[in-house]
Each structure stands twice: as C-alpha cells, then as structure tokens.
Amino acid sequence: MTVPAALRARVGTFVAVARVVAFPASVALVAVMAVKAAGDVHGDQLRWGLLAAAAAPTLAWWLLLARGWGLINTGHARRHDLRTWFRTQALRYLPGGIWAPVTRAAAVDGHAVDRVATVAAENIVALCAALAVGGLALGIAGDLPWLPLVVIAAAPVAAAGLTGSRTRVDRARTRSATVNDLVAFAAYAAACVLAQAAVSGWHDPLAVAGASALAWAAGLVVVITPGGIGVREVVYVWFLERHGFVHGELVAAAVASRLITIIVELLVLVALGRGPVLTGLHGPSGTDTGTVCAESAPRGR
C-alpha cells in the first residue's frame, strides 16, 4: 500500500505553509522570554565561548533524534527518513503539538495500526530515554528519588514484544532506537550544561543535566504547548532553584538553550536545500518510500 499522490501533495503544501508560520512564531515567543531574562543577566558576564560550544552537542542530539525515527521506521538511518523527520519536525511549534507526528504518519506506508504504532514508538522511546538520562543524572547529583527512572529505558523494548507481530515496531528496532536516543539525550544534557555554565559558571552540572532532560520530557508530554515552549523552561527553573541557582540565570540559560536549538534546526533545514517538502516520501531514485518501507518492514504478520 503506497501513500496516495493527492495526500502527499496536500500534506506537503500544509507542511510548507505551516513551517513558514511556525518558526517566526516560536522565535518571537523565545524573544519575549529573552527580554525578560535580560534584566537579570548582563552580556558582559556571559561566557560566549561556552554558548557557541553548546551548538555541537545540540546538533548531535538533533541528528540522533532523526536517526531514531529512521531506526523505528525502516530499521536503518536512511537518508529519506532523516529528511522526512527534519522537514516535519518544525510543525511541533504549531498549537496542539501533534502536527509533527501526524505528518510523519502520513509519510510512512502500511495499515493504520502500523502507522500509529511507528509514530507512537518514536515518541515513547524518546520520552523514556530522556527520563532515564534525567533520572540517572539527578540521582548521581544527590536527588536519589529520581534514580529509579533509569529502568524506564527498558519499557519500550518490553512493550515491543506485544507489537512486533502486527507492526514494524519489533524489539530489534526498538532496542536500536532506545540506545540511539539515550546517546541523543546525553548530548542534549551536555548542551544544556554548557549553556548554563555560560551564564552562571560550572555549578552542579549533573543537576543541570538531569533537570534539562526531565524538562524536555515534560514539554513533550504537555502537548498543548507548541514545541514545549514555556513548559520546559518552567520545569527546568523549578528543578534547579532547589540547587541554589539564581532564578534569572536559570531563565537566561533556558532561553539560550532554546535559541541554540532553533538556530541549529534552521541550519539543518537550510542544509537540506530545496526539493519536495516531504522528500522522505520518495526514495533516492524517485521511488515511492512506501515501497521501500514495505520491503524493509514487516506488516500485518
């Protein structure tokens, strides 16, 4: 079963228009937060080199998240899977927080249960990986009640035993995606540590790493906020105020991390160049990706 051409065209048009609207809106929201934080943090006290250094692990995190989608969808990090993820992920800034996964569901082949399972698995694996990394970091930092979250990383692999017979989401793919996303969120936590150190110095970096990962997870769960904007920042500040950080410095670092993420995402989108918005719907030689997926993923067994 392949994706109808008419549906591809409609979804592609929607993604193109929404991306143009969503990115400026997200930047505007972050700018408002930045203005509020500017009163507490002066530019001469920022360590700009650390902020610049945070871009590298942020890029690694972004690329690995796209790779995780590919591992779930086709079992490999194929170029068309990565392009599809990059081009649809900007839709997370639209109100409702569901448009990125919904659009990706339209970009994969298979029956309805298979499509939903694929998109759900990507998000659940990422959520569990973020919780596990956050729990581990906070536990080592001394917040021992969060340490048991480490075991949640195994939950998607265990659940895949129930879905592998009817969908592409089997244990092998889920295991690979879980390992991938654990590395991804370690990189994300490292980026946030660099951003916070740029504002307030190297104070309790493990707590910063844990708080950032759990704050990301909170933003994913609260789907009514576009891209988790506001939720992640509030949760991040709430966690770290208990560790002796200054409120204004926490807000400034949270905003800086968000801006770095947006800049990295924009650069990746620019690097993709022009072409069909949902390039992932087509294979390297113009073949429909649905055919590729059908060849590489079990369905309805």
Calculate, to the nearest 0.5 Å, the distance between atoms [atom1] and [atom2] belonging to [X] and [Y] respectively.
X	Y	atom1	atom2	result
E122	T174	CD	OG1	12.0 Å
I72	N123	CD1	CG	10.5 Å
D170	L162	CG	CG	13.0 Å
Q196	S212	CD	OG	9.5 Å
R232	T261	CZ	OG1	8.5 Å
L194	I260	CG	CD1	8.5 Å

Same apolar cluster: [X] and [Y], side chain cutoff 4.5 Å:
X	Y	answer
Y236	L259	yes
W62	L127	yes
W238	L214	yes
V246	V251	no
V221	L65	yes

request  = Determine, step by step, whether V208 and F239 satisfy the side-chain contact (heavy atoms from CB on, under 4.5 Å) criterion, reporting the C-alpha distance in whole Å, the side-chain angles of both residues, the deciding distance to 0.1 Å, and the verdict.
outcome  = CA-CA 9 Å; V208 174; F239 265 111; over 6 Å; no
message = Treating D181 as the side-chain partner and A130 as the backbone partner, does any N or O pair qualify as donor plus acceptor under 3.5 Å?
response = no
Would you say that [X] contacts [Y] through its side chain, given a criterion of any heavy-atom pair below 4.5 Å between the two side chains?
X	Y	result
R67	D81	no
T167	V113	yes
V150	L147	yes
H243	D143	yes
N73	W85	no
L149	L138	no
L131	W146	no
L59	V268	yes

Locate the shortest heavy-atom distance separating [X] from [Y]; write the atom from each residue and the value.
X	Y	result
A253	A195	CB-O, 4.0 Å
G201	R47	N-NH1, 3.5 Å
A215	V235	CA-CG1, 3.8 Å
F185	A126	CE1-O, 3.4 Å
V169	A121	CG1-CB, 3.6 Å
V133	L182	CG2-O, 3.7 Å

request  = Check the pair V199 / F245 against side-chain contact (heavy atoms from CB on, under 4.5 Å), numbers first and verdict last.
outcome  = CA-CA 11 Å; V199 176; F245 286 85; over 6 Å; no
inquiry  = Parallel, tilted or perpendicular, judged at 30° and 60°: which one describes the rings of Y188 and W61?
reply    = tilted
ask   = When you look at W69 and Q89, which way does the side-chain contact (heavy atoms from CB on, under 4.5 Å) test go after all the steps?
value = CA-CA 11 Å; W69 162 254; Q89 190 62 5; over 6 Å; no
Trace of the side-chain contact (heavy atoms from CB on, under 4.5 Å) decision for R168 with T163 = CA-CA 8 Å; R168 78 191 78 196; T163 60; over 6 Å; no
